[in-house]
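Computed over heavy atoms, backbone and side chain alike; hydrogens, waters and symmetry mates excluded.
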Amino acid sequence: QMLSCAGADRLSSGMRHSYGKPIGVAARVDIGQVLLSVRGKDASEPHIIEAIRRGKFKFAGRQKILKSLKWGFTKYEREDYVRMRKNGELAADGNIV
């Protein structure tokens, strides 16, 4: 409710529940479950880690930031992926290999 009359400023509640307080359960997560995965270039690593670190405060509980040993979202480790791409064992197929 918002009133625009003179002296009605005590009733105004614009942007009610806009930010800062959780008002409901959005998701149920298990211990050790991945909440967020980010793929980026190696040069952007410090920026990505800092962005995730700042975002951790918006979630209840404790979170860990882990750097994967895999290449992107593939199942291959970084050295194996580079070697297999160079030898022609893997072919890029859109966003999968």
Side-chain angles (χ1 to χ4, degrees):
Q1 294 179 353
M2 295 187 82
L3 296 176
S4 60
C5 303
D9 55 340
R10 285 168 187 72
L11 190 61
S12 176
S13 60
M15 292 183 66
R16 184 182 343 204
H17 300 298
S18 62
Y19 192 70
K21 288 186 187 175
I23 59 171
V25 176
R28 296 187 184 273
V29 292
D30 295 324
I31 295 173
Q33 183 175 345
V34 176
L35 297 179
L36 179 72
S37 294
V38 178
R39 180 172 55 182
K41 296 183 178 180
D42 290 338
S44 302
E45 181 182 348
H47 302 293
I48 293 170
I49 291 176
E50 177 64 16
I52 295 174
R53 187 191 71 79
R54 291 182 184 194
K56 284 192 323 183
F57 300 114
K58 303 302 176 190
F59 294 100
R62 291 181 304 173
Q63 290 80 32
K64 294 181 191 175
I65 299 175
L66 301 175
K67 181 182 176 190
S68 175
L69 300 176
K70 309 288 187 200
W71 179 276
F73 294 134
T74 65
K75 60 184 178 181
Y76 305 109
E77 295 192 7
R78 294 173 68 92
E79 295 83 19
D80 296 338
Y81 181 88
V82 172
R83 178 182 48 80
M84 291 181 355
R85 279 298 296 265
K86 193 177 288 187
N87 294 340
E89 299 174 38
L90 291 178
D93 186 22
N95 61 346
I96 59 173
V97 291

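By the ring pair (Phe, Tyr, Trp, His ring centres under 6.0 Å) test, Tyr76 is found to be paired with no residue, residues two or more places apart in sequence or in another chain being considered. In terms of the side-chain contact (heavy atoms from CB on, under 4.5 Å) criterion, residue partners of Asn87 (sequence neighbours excluded) are, by chain and number, Arg83, Glu89.
Remark: Asp80 CG to Lys75 NZ distance equals 12.0 Å, nearest 0.5 Å. Between atom CH2 of residue Trp71 and atom CZ of residue Arg85 there is a gap of 8.5 Å, rounded to the nearest 0.5 Å. To the nearest 0.5 angstrom, Asp42 atom CG is 4.0 Å from Arg78 atom CZ. Rounded to the nearest 0.5 angstrom, Glu77 CD and Ser68 OG are separated by 8.5 Å.
By the criterion of side-chain heavy atoms lying less than 4.5 angstrom apart, applied directly or through intervening Ile, Leu, Val, Met, Phe, Trp or Tyr residues, Phe73 is not grouped with Tyr81; the two fall into different hydrophobic clusters.
Side chains of Ile52 and Gln63 form no contact here, defined as non-hydrogen atoms less than 4.5 Å apart.
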Side chain to side chain contact (heavy atoms under 4.5 Å, CB included) between Lys67 and Ile49, intermediate numbers included:
CA-CA 9 Å; Lys67 181 182 176 190; Ile49 291 176; 6.0 Å; no

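For Phe59, the CZ atom is loosely surrounded, since the number of other residues' heavy atoms within 6.0 Å does not exceed 12.
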